[in-house]
Amino acid sequence: MAGNRAQCEVLVIGAGFGGLYAVHRLRTAGFDVQAVEAAGGVGGTWYWNRYPGARCDVESLDYCYTFSTELDEEWDWSERFATQDEVRRYLEFVADRLDLGPAFTFDARIATLRFDERSRTWAAATADGREWEARFVVTAVGALSAPLSPRIPGLDTFEGRVLQTATWPKDVGPDDLAGLRVAVVGSGSSGVQVVPAIADRVAALHVFQRSPNFSVRVAHRGLDEEERAAARAGRDERRRARFTTRTGTALAGSGRSAIGLSDAEWADECERAWDAGYGYAFLSHFTDTGRDLTANARLADFVRGKIRTTVTDPETAERLVPTDHPIGAKRICLDDGYYECFNRDHVALVDLRTAGGLRATPRGLQTDDADYEVDVVVLATGFDAVTGALSRIDLRGPTGEALADRWRDGASSYLGVAVTGFPNLFTVTGPGSPSILVNVVAAIEQHVDWIVDHLEHLRRRGLSRSEATPQAQLWWDEQVAAATELTVHRFAASSWYLGTNVEGKPRRMLAYAGGLDRYRRLAADIARDDYRGFTTC
Ligand code: N01
C-alpha cells in the first residue's frame, strides 16, 4: 500500500443524489467511507447543468429523498417542477444537514481505478496523482453526466463563444445573452428548455434541429401553502407509491386504456392530462401507450395536433412534428413555450434533415443552404448516457481488462448494480437499472439501500469479495431485453436510451423497462436468497 494513499473501507464516487445518500447510508451502517467528486460542490448533474431554463421534469414532491422524515419536514419546495438551482440547493441542504461534506474531496475526478486481487482492494487515482484505496467502490457517477461534444467541422475556428448546456458556466445568465445572435444546436430536453428561456432576450435565435422530438407543455407554477400542507399530510402515501408503482411516483394516471375510449372521451381525457401538466408522467396517463403501438399512435397524434395548432407557420410546424418514432420511445421533452417561440419573427428553425451538413465558420454556422452569423453557439447535444461516465474512467478489474472494453460490444450488468469481472464494485444506476425510465431518485434510493444491505451481509459473514457471476448477468440481460420487447422502445430508430446517439456505441437498451415496482421485487428476492448470483469469499 502506498503511504500517501487515503485508506477507507468504501470509496463513493459522486456527490449527486446517489453519492450523497450512499455516504449517509454507509456511514450510518458503520462503514469507514470516503467520497470524491469531480465538481467543486455537491449536486451531480444539477451542479453542472446551469443553463437558462434548466429544471426537472418530475414533480419536486417526488423528485427528492424519502428516507428521512426530518429532511422532508425541514424542506419546502417552492415550485411544482423545481429549477436546477432549487434542486442543487436542496442537495446542498441535505449535505449540510447530514454533515456529509467532510467525507468528500471535491474537484477530484477519478481517472483510474484498479483492482488488486491480492489485497482485494481498489486503487483510485485522479490525473494529478491523488490516490485512495478501498475494499469496495460505489460509483454514483450519474446516468447523464458524460456530455457529448459533437464534431462540427470548423467549430474551433468560430470567433464567438461556444457554450454547452451540460457544462454551463456559473457566471453566464440569460441576461448575458441579451441582444446577441444565438444558435442552439440540439432539440432534446436541454435545447427545448433553453430556447424559451432566452428567446425574449436575444436579438436572433436559430434552432438547429436534426430530429424533432415530442415535447409536452408544462406550465410552471409555484406551490402554495395548501399544496405543501397536503403534501406533508400525504407523505406516507407518496412514499408508498415509490414501492408500488412502475414509475416510482405518486401520480396514478387515469387507469384508462387509450384504445377503448370513444373519440369524445379520448379528446376530453387527453385535454385534461395536457392541461394538468403532469410532466414526464404524461406518458403514463394511459395504461397502454407505453406498450401498444395503436394506443401510442393515438397519443402521438394528439401531441402532433398540439404542435400544429401552436405553430402558426404550417411549414415550420411540419418540421417540428416527429414522425419517426412512437411517443416515449425517445425521452419526451417538457417545455414552457418552446413551440410558441417559432411564432416570433426573430426565432427560426433550421432543419438539418434538409439543410445539409452543419459546419462552423469564424462568424457562425453554415449549412449547404445558408450562412448564419451568430455571436454564441449553444450546444445542447446530449450525453453518452448511462455508461459514458464509467467508460471514461480507466477502470480495470483483476485481469487488467478495462470496463470500457468489456462494454464495447454492448453494456451488460447484473441488476444494473454489478458487473461480472469487476468484483467489489457497485454501480448506482448502472446499465440495466430502471433508473432513467422512472423517477430516478426513487431508483437511486433503492439501489443504495440494496448495495449497502449487500455490504452489511458480507460484513456479517466476514467476507471481503463479491462478484456477480456471468450466469446471473446473462439472466439479467435477458430480463432487460424481454422487458424492452414489451414496450414501444423496441420501435425507436434512434435514442440515447439505446446508445445510438454515440458514434460506435452498440445499439442496446440501457435500462430495464419492466418498472421500478417489479425491479424492486426481483432485487429483494435475490437479496433474500443470500444474494443469489454473486460469488463471495
Ligand atoms: O440530450 P438529447 P439532452 N448536430 O440527447 C442533437 C435529461 N434531461 O441534453 O435527436 C446536430 O436528448 C440531437 O439530435 P438527434 C433527459 O432525460 C432532463 O437534451 O440525435 N444535432 C438531439 O436533438 C433528457 O432526455 C431535463 O438527431 C445534434 C440533441 O442534440 C436527457 O437529459 C432537462 C448533434 C441532444 O438531445 C438528455 O437531454 C435536460 C449534431 N452533431 C435533460 N449531436 C429535465 O428534467 C446531437 N444533436 C427536463
Side-chain angles (χ1 to χ4, degrees), residues 44-46 48-60 62-63 81-84 86-87 142-155 164-168 183-197 206-218 220 277 279-283 320 322 324-325 328-336 338 349-353 355-360 365-367 377-386 388 429 435-441 492-503 505 510-511:
T45 197
W46 299 103
W48 296 105
N49 285 264
R50 294 169 190 253
Y51 59 87
R55 64 167 82 222
C56 188
D57 57 6
V58 173
E59 293 199 32
S60 332
D62 280 320
Y63 198 81
F81 294 93
T83 60
Q84 168 271 331
E86 190 166 17
V87 183
L144 293 159
S145 52
L148 279 182
S149 303
R151 272 194 238 124
I152 298 177
L155 195 58
Q164 188 149 8
T165 50
T167 52
W168 196 270
V184 173
V185 181
S187 52
S189 298
S190 306
V192 159
Q193 285 187 327
V194 80
V195 165
H206 284 95
V207 181
F208 290 77
Q209 171 192 271
R210 195 165 65 178
S211 350
N213 222 332
F214 289 98
S215 187
V216 173
R217 178 78 201 270
V218 185
H220 298 302
Y280 184 60
F282 177 77
L283 270 187
L320 287 162
D324 66 343
H325 63 276
K330 286 171 85 163
R331 171 84 173 202
I332 54 159
C333 306
L334 278 299
D335 75 278
D336 193 7
Y338 176 67
L349 183 73
V350 181
D351 186 346
L352 292 172
R353 292 169 302 179
L358 182 63
R359 301 175 288 280
L365 295 180
Q366 187 179 62
T367 63
V377 171
V378 173
L379 299 175
T381 44
F383 301 88
D384 182 352
V386 184
T429 72
S435 58
I436 54 174
L437 296 176
V438 301
N439 174 5
V440 69
V441 184
S494 67
S495 146
W496 63 256
Y497 288 151
L498 296 166
T500 54
N501 63 326
V502 182
E503 217 181 308
K505 191 165 174 172
L510 291 165

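Read the numbers this way: they start at 1 and go in the same order the structure lists the ligands and their atoms. Model, not experiment: these values are computed from the prediction.
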- Verify the distance criterion only: is there a donor paired with an acceptor across the side chains of Asp335 and Ser215 at less than 3.5 Å? yes
- Geometric cation-pi criterion, Arg331 with Tyr280: 6.0 Å, 45°: yes
- Write down, by chain and number, every protein residue that brings a non-hydrogen atom to less than 4.0 Å from an atom of ligand 1. Tyr51, Arg55, Cys56, Asp57, Leu144, Pro150, Val185, Gly186, Ser187, Gly188, Ser189, Ser190, Gln193, Arg210, Ser211, Lys330, Arg331, Leu352, Ala380, Thr381, Gly382, Phe383, Trp496
- Note on the structure: By salt bridge (charged side-chain N to carboxylate O under 4.0 Å, His left out), Arg210 pairs with (sequence neighbours left out) none
- Say you draw a straight line from SG of Cys333 to CD of Gln193; how long is it, rounded to the nearest 0.5 Å? 8.5 Å
- Query: Would you say the side-chain atoms of Gln84 and Arg50 include a donor-acceptor pair closer than 3.5 Å?
  - Reply: no
- Take Thr165 and Leu379 through the side chain to side chain contact (heavy atoms under 4.5 Å, CB included) test and state the conclusion after the steps. CA-CA 6 Å; Thr165 50; Leu379 299 175; over 6 Å; no
